[in-house]
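Input: a single structure, listed below in structure tokens.
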Amino acid sequence: MISKELAKAINEQMVFEMYSSYIYLGLAAGLERLKLPGAAHWMRMQVDEELIHANIFYNYLNDQEAEITLGAIDKVATKVKSAKEAFELALKHERIVTGRINQLCALAAKNNNYATMTFLNFFVTEQVQEEKSVQQIIDKYEVAGSSKEALLFIDKDLALRAAPTVPAIAQN
């Protein structure tokens with residue numbers, strides 16, 4: 001059985017994952033305005049991934065017979081000056097998500113809820129990968145500097161990102 005305190009925190013994370021998708025949608029819009037369709041595509045794929053994450057939290061709450069509560073999603077910015085700035089904002093956000101997941105893990109441990117601790121392990125591992133992939137893109141932009149050719153090459157590469165798939169943890 002999941003405690004009300006833990007269910008509330010997981011509900012909040014579920015909504016935060018939806019907010020994350022909204023942030024990435026805003027970043028995609030900003031990149032579209034900069035005429036960087038590949039980078040915008042990468043962000044749109046991230047939108048889908050964040051919605052998958054929200055659904056994983058939803059399903060877990062439902063499986064635990066916890067009440068599901070939906071909160072408001074804040075407005076997000078859609079203007080960026082460069083692709084590098086967009087990905088730096090994405091990394092900053094992913095670090096916030098990592099902190100939130102770590103807090104959920106601590107709360108699950110405090111509640112001696114081993115099922116939730118095991119469930120959250122997916123997200124702990126996922127966040128390592130999320131931060132790494134965004135940092136690698138930032139690194140490419142740093143190497144490219146102001147080379148328009150390199151920026152176009154990076155944009156073409158980002159357009160190849162495949163659509164996210166639903167992980168096994170979410171398949172009932």
Side-chain angles (χ1 to χ4, degrees), residues 7 9-34 36-64 66 68-80 82-105 108 116-141 154-172:
I10 292 172
N11 268 295
E12 289 169 358
Q13 186 60 33
M14 175 186 63
V15 173
F16 197 79
E17 296 290 336
M18 290 183 221
Y19 172 65
S20 295
S21 73
Y22 209 43
I23 285 175
Y24 282 109
L25 191 60
L27 292 172
L31 290 163
E32 293 284 3
R33 274 196 301 283
L34 292 175
L36 295 168
H41 168 79
W42 193 98
M43 293 293 179
R44 292 294 298 267
M45 295 301 98
Q46 194 64 27
V47 168
D48 294 346
E49 186 169 306
E50 300 303 338
L51 291 173
I52 288 170
H53 294 168
N55 278 310
I56 292 170
F57 282 108
Y58 177 94
N59 290 338
Y60 185 74
L61 288 166
N62 196 45
D63 290 347
Q64 293 289 314
I68 294 171
T69 57
L70 302 176
I73 299 174
D74 294 334
K75 184 177 179 178
V76 299
T78 60
K79 292 185 181 179
V80 291
S82 68
K84 182 180 174 207
E85 178 191 26
F87 283 93
E88 288 171 340
L89 291 169
L91 180 59
K92 181 179 177 183
H93 180 73
E94 288 300 336
R95 288 180 174 154
I96 291 168
V97 173
T98 298
R100 292 178 62 95
I101 296 298
N102 289 341
Q103 289 173 350
L104 279 174
C105 290
T116 301
M117 290 167 59
T118 301
F119 165 76
L120 290 171
N121 191 51
F122 165 80
F123 290 99
V124 171
T125 305
E126 175 75 6
Q127 281 310 117
V128 171
Q129 186 56 41
E130 294 280 359
E131 288 186 32
K132 177 184 173 186
S133 67
V134 176
Q135 183 62 60
Q136 289 174 331
I137 294 167
I138 293 168
D139 293 346
K140 288 179 184 179
Y141 282 119
I154 294 168
D155 196 62
K156 184 177 178 181
D157 186 49
L158 293 173
L160 300 176
R161 182 179 181 185
T165 57
V166 178
I169 190 174
Q171 297 171 1
N172 292 0

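Source: prediction; values computed, not measured.
When all heavy atoms of P167 and I52 are compared, the closest pair comes out as CD-CG2, 3.8 Å. Of all heavy-atom pairs spanning S20 and H93, the tightest one is OG-NE2, 2.6 Å. Residues L61 and A7 share a closest heavy-atom pair of CD2-O, 3.8 Å. Heavy-atom minimum distance, A90 versus M43: CB-CE, 4.2 Å.
With hydrogens and angles disregarded, no donor-acceptor distance shorter than 3.5 Å links the side chain of E94 to the backbone of Q127. Between the side chain of H41 and the backbone N or O of L158, no donor-acceptor pair lies under 3.5 Å. Not a single donor-acceptor pair under 3.5 Å links the side chain of D48 to the backbone N or O of P164.
Under the 6.0 Å cut-off for aromatic ring centres, Y19 and F16 qualify, their centroids lying closer than that.
The closest side-chain donor-acceptor pair between E17 and Q13 falls under 3.5 angstrom.
Using a 4.0 Å cut-off between a side-chain N of Lys or Arg and a carboxylate O of Asp or Glu, K84 and E88 qualify as a salt bridge.
Under the 30°/60° scheme for interplanar angles, the aromatic rings of F123 and H53 are found to stand perpendicular.
Side-chain contact check for I96 versus R100: some heavy-atom pair is nearer than 4.5 Å. Contact of the E126 side chain with the I101 side chain is not registered, since no non-hydrogen atoms from C-beta on lie closer than 4.5 Å. Inter-residue side-chain proximity for L120 and M117 is flagged as unmet; no heavy-atom pair is nearer than 4.5 Å.
Within a 6.0 Å radius of OH in Y58, other residues, nucleotides and ligands contribute 12 heavy atoms or fewer.
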